[in-house]
2 protein chains.
Amino acid sequence: MVWDAWGAPSGHKPLPEQIRGLLAQVFGVSGEPVTRRDEGDVPLRATAITSEQHAGLVAVVGAENVSADHRDRLRHAGGKSTPDLLRRRADGEQDAPDAIVFPADHDEVLAILAYCAENAIAVVPFGGGTSVVGGLDPVRGRFPTVIALDLRRLDTLTDVDPISGTATLGAGLTGPQAEELLAAQGLSLGHFPQSFEYASIGGFAATRSSGQASAGYGRFDDMIQRLRVATPGGSLDLGRAPASAAGPDLRELFAGSEGTLGVITAVTVRVHPVPETTAYQAWSFPDFTTGANALRTVIQTGANPTVLRLSDEAETGLNLARAGDIGGATVGGCLAITTFEGTPAHVEARKGEAEALLTAAGGTALGETPAREWEHGRFNAPYLRDALLDVGILCETLETATEWSNLANLKAKVTQALTDSLTAQGTPALVMCHISHTYQTGASLYFTVIAKQADDPITQWATAKRAAGDAIVAAAGTITHHHAVGADHRPWMTDEIGDLGVQVLRAVKQAIDPTGILNPGKLIP
Amino acid sequence: MVWDAWGAPSGHKPLPEQIRGLLAQVFGVSGEPVTRRDEGDVPLRATAITSEQHAGLVAVVGAENVSADHRDRLRHAGGKSTPDLLRRRADGEQDAPDAIVFPADHDEVLAILAYCAENAIAVVPFGGGTSVVGGLDPVRGRFPTVIALDLRRLDTLTDVDPISGTATLGAGLTGPQAEELLAAQGLSLGHFPQSFEYASIGGFAATRSSGQASAGYGRFDDMIQRLRVATPGGSLDLGRAPASAAGPDLRELFAGSEGTLGVITAVTVRVHPVPETTAYQAWSFPDFTTGANALRTVIQTGANPTVLRLSDEAETGLNLARAGDIGGATVGGCLAITTFEGTPAHVEARKGEAEALLTAAGGTALGETPAREWEHGRFNAPYLRDALLDVGILCETLETATEWSNLANLKAKVTQALTDSLTAQGTPALVMCHISHTYQTGASLYFTVIAKQADDPITQWATAKRAAGDAIVAAAGTITHHHAVGADHRPWMTDEIGDLGVQVLRAVKQAIDPTGILNPGKLIP
């Protein structure tokens, strides 16, 4: 990925004319992109790695797999949240890991962790680099030195079991790499978060990622059959069966551990045959409440679409769910997308049941096209965010989840908090929302916020984000449904799990990582 | 429940004539039931509770809720495994908790735990008393005194949310009590393990129970939305949303903690409307392999029956799945049961898809009757076990789970281990098996073992059980799919989660229960 934005250079396109017109009209910004710096010109904090430490790391992974190169350090300096990019683009010296280490396999990860524990080096596990919650910040904690442990070389597919529908994926495989290796065996994982093109298997597990097909294939944590974890104190191989009553499920302790309890090096996942067919159907609902109730009926009845999502009036109006039409003619109501994958008989049965329910609940079928358009553009939103940043617009997202009966309340409270905070700062905001993950008992809410950048946009967003986080906690939502905790959500972790819950996490960390080298400053308050 | 057997006195019936004939023929036992003792005649170890301790407990819960009565102690002396009952029926002094405490609510549980931690009293949390793995053994550990903490008074239904499909159940509610309270609101939990009639909500959570409708409604751990846990160090309220990425899922640390990390006092569960309709269909398969492959196809395709189970040739031959016909004319092949619950449209779609798949996979539909018969008799097996014990037959069950590709291997290895061990002891065994819980990636195996009792049946079974457990571990199964660990499976926990996994559990226990009063001798090696 490019160092100061999302994705590949080829994905970066100037804003369409209609969007620039809209921005001028609503936010009074000119729409002229700023000039971005060359990465070679960015001053980086000098590396703290000593030649002795460098030699120690090289002894484990070889000289070609330890880098203190300017470009490597800059590209491992953090994640891809809007504040990350604003910091990256700001003047002044940037912080970055002191070195990057690229281990080849589980045993090298183990050896690096043992070396770092003995030599007071903090370790930030690094997969695809797509964190949007500060999970990759090069925090040193009480250590003088921090390395990024880049897992990209752990990129194998092993133990493919088509009978059981399981396969073991190296932690460093990206979404597309994993799907390509599986497709060669006629299999698919079906995990398509917006970060899919860059994020890694280990990262999905370590952050409890959830993909756009979660209605059909579950969250990533649902897909995990086994986890292999390297820690300073040795290895863990967790998960012996599809389900077990042999005590607490320790997979669920390491899923979501965000590199603070160990480094996930391989994940045995549940896979399925490449779907024989996919059916698409888009829907329009008169309002968000009607649409949400319709989605609830579908998921509670068990009609099981593969994708089930609903944009609110604001998001629908801007066509944000239809990449080709963003900023085009305003659309009324709320757009919902359903897709159905599997055998023809399975798809037909599901689609028929879901259509009857959605129609009865007030939906109007819009045909296949809007659903196919959504799928076509579904990984592009971060590029649009970057183009908006270029022209002086603040654009960021946040997400939460709650029970169905609390969904409207939570949506209203978070929208109000964001709107109030940004208005009070002199930058009125447009707040849009969608449901992209549904459960029998509730759903996620994903907010996109757009406002004119203030003079200090980092503080501007931090203020709005704090208001939103407080509103989420006050309205009984979870502080994060699928972005994880990292550094950014850590202030709310005690609200989330209580003092005693925090003590439990600290006790586990103390047992596994007594020196505290693993990803300091993240997750655990 | 009666003190020395399963269930209510009314459930205990003499063995049918045809079974007594079969036993005489196969095992050479006469079939004359032994005379069982009156509970008043059983010598119990003297209570160790001091008058000061008694007064301390009374100060929390009131005099009427602390008992050192002979009958109460005997009825809290352990669970309902075959070894438990054999021990209960043996001559000599029996061990039992020194007192039974019946707290009224969460706060009283908290206060009792604080008192016990300060006064060196071990605590065995006690729900329905149905453990079959020694989870309720009155182990004192390093303490002079042990109490059973009977949660039956925590019996309320609160926070019913029909929109979200959630409800909060007191830990002491039994299965029927919970279903009755929910049914009054038009709701159902759908958790029907064989222990349903006596086991408790808290016990289901603490042991990761799985019910016979798990294909449709999931395991009990899947149903848990929130857990309220009392510990010596305070309360935990875990679970804020249907799903979350806010770090490790601590619910999964307390689900399956078997009273060693805290006392679960309330569980917010996922519920569903009382099904509008239920469809039944039984099947015959020519052999177990064909049947297992058929079940696999159904679950992997997503046809989602509510009940999906398969008896092997031995179990089918004895009609063990059809209570009314046990011991009747031998039936060939393998019997499978499917049921489908929900709205008529949902049931029709699922049933049609599943029937097509099962037929294509080699199944012959047998109609509704065998499936209804199975449902009618599904909670009765423990009574049959007790009647067999009465006439000198050893009857016990054990269970495991593995991936589909390993299922036949695991079944063969466990069957062989049990057969070899019991044959070597001079008591050739009949080993039967069924699949009662299916997952996309694998299934459970539930074994029923019948042999003539040796002179020392407790040692006889311990020897066979050890051989079976070793075979399970060697064949990569889990030591327990839904019976939990207790005391009986503890020897295999290090195989299950590794040394480092055990260290993690110990660290959590040390943080939460530093004095170690909670259920000593269970779960954690």
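Quick note on labels: first sequence line is chain A, next is B, and so on, each numbered from 1. Nothing here was measured: the structure is a model prediction, and the numbers come from that model.
Between the side chain of S244(B) and the main chain of T478(A), no donor-acceptor pair closer than 3.5 Å is present. Counting only distance, with no hydrogens or angles, the side chain of R240(A) and the backbone of V473(B) share a donor-acceptor pair below 3.5 Å.
Of the two parts of A206(A), neither the backbone nor the side chain holds a non-hydrogen atom closer than 4.5 Å to a non-hydrogen atom of chain B. Both the backbone and the side chain of L253(A) come within less than 4.5 Å of a heavy atom in chain B. When heavy atoms are compared at a cutoff of 4.5 Å, L407(A) does not approach chain B at all. With a 4.5 Å cut-off on non-hydrogen atoms, R296(A) touches chain B through its side chain but not through its backbone. Using a 4.5 Å cut-off between heavy atoms, T207(A) contacts chain B through its backbone alone, with no side-chain atom that close.
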Begin with the C-alpha distance, continue with both residues' side-chain angles, and end with the deciding distance and a verdict on salt bridge (Lys or Arg N to Asp or Glu O under 4.0 Å) for R350(B) and E353(A). CA-CA 10 Å; R350(B) 296 297 171 286; E353(A) 190 181 354; 3.0 Å; yes

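Side-chain contact check for H272(A) and Q300(B): no donor-acceptor pair (N or O, by modelled atom type) lies under 3.5 Å. In the model, S164(B) has a side-chain atom that pairs as donor or acceptor with a side-chain atom of S405(A) under 3.5 Å.
Closest non-hydrogen pair, A245(B) versus H483(A), comes out as CB-N, 4.1 Å. Taking every heavy atom of both residues into account, A246(B) and I479(A) meet most closely at CB-CG2, 4.1 Å.
Between E403(A) and R270(B) no salt bridge is recorded (no basic side-chain N to carboxylate O distance below 4.0 Å).
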